[in-house]
Amino acid sequence: MSNKEIKEFSEKLKHGLAIAEKRMLQEKALHDESVVVCDKDGNIKRIPAKQVIADNPIFQ
């Protein structure tokens with residue numbers, strides 16, 4: 001694979017993962033479920049999916 005092909009594949013992969021994450025959050029929000037996240041200090045928390053969507057404009 002050339003560098004251009006690798007870059008294109010990487011971009012497609014990132015885009016696909018972003019779509020999958022958004023759909024997963026929407027589905028969890030629909031059922032009032034939470035997601036498990038890790039904060040910057042490494043602490044694990046459960047946060048309602050609706051809050052994650054509301055706090056991050058990329059998911060709206």
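Numbering starts at 1 and runs along the sequence shown.
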- request: Locate the shortest heavy-atom distance separating I53 from F59; write the atom from each residue and the value.
  value: CG2-O, 4.0 Å

query: Under a 4.5 Å side-chain heavy-atom rule over Ile, Leu, Val, Met, Phe, Trp and Tyr, are L17 and L25 clustered together?
result: no

message: My understanding is that only residues two or more places apart in sequence, or in another chain, count here; which of them pass side-chain contact (heavy atoms from CB on, under 4.5 Å) with D32?
response: K50

query: In the single-linkage hydrophobic clustering (I, L, V, M, F, W, Y; side-chain heavy atoms under 4.5 Å), do L30 and I47 co-cluster?
result: no

- request: Without swapping roles, check the side chain of N43 against the backbone of D39 for a donor-acceptor pair under 3.5 Å.
  value: no

Partner set under side-chain contact (heavy atoms from CB on, under 4.5 Å) for H31, not counting sequence neighbours: E27, E33

- line: Separation between CD (Q51) and OG (S34), nearest 0.5 Å, reads 9.0 Å

- request: Could you tell me whether D55 atom CG has more than 12 heavy atoms of other residues or ligands within 6.0 Å of it?
  value: yes

query: Linking Ile, Leu, Val, Met, Phe, Trp and Tyr through side-chain heavy atoms less than 4.5 Å apart, which residues share a cluster with I44?
result: V36

message: Could you report the tightest heavy-atom contact between A29 and A49, atom names first, then the distance?
response: N-CB, 3.6 Å

query: So do the side chains of I19 and H15 get within less than 4.5 Å of each other, counting heavy atoms only?
result: yes

message: Quick one, R46 and V35 - any side-chain contact, counting heavy atoms below 4.5 Å?
response: no

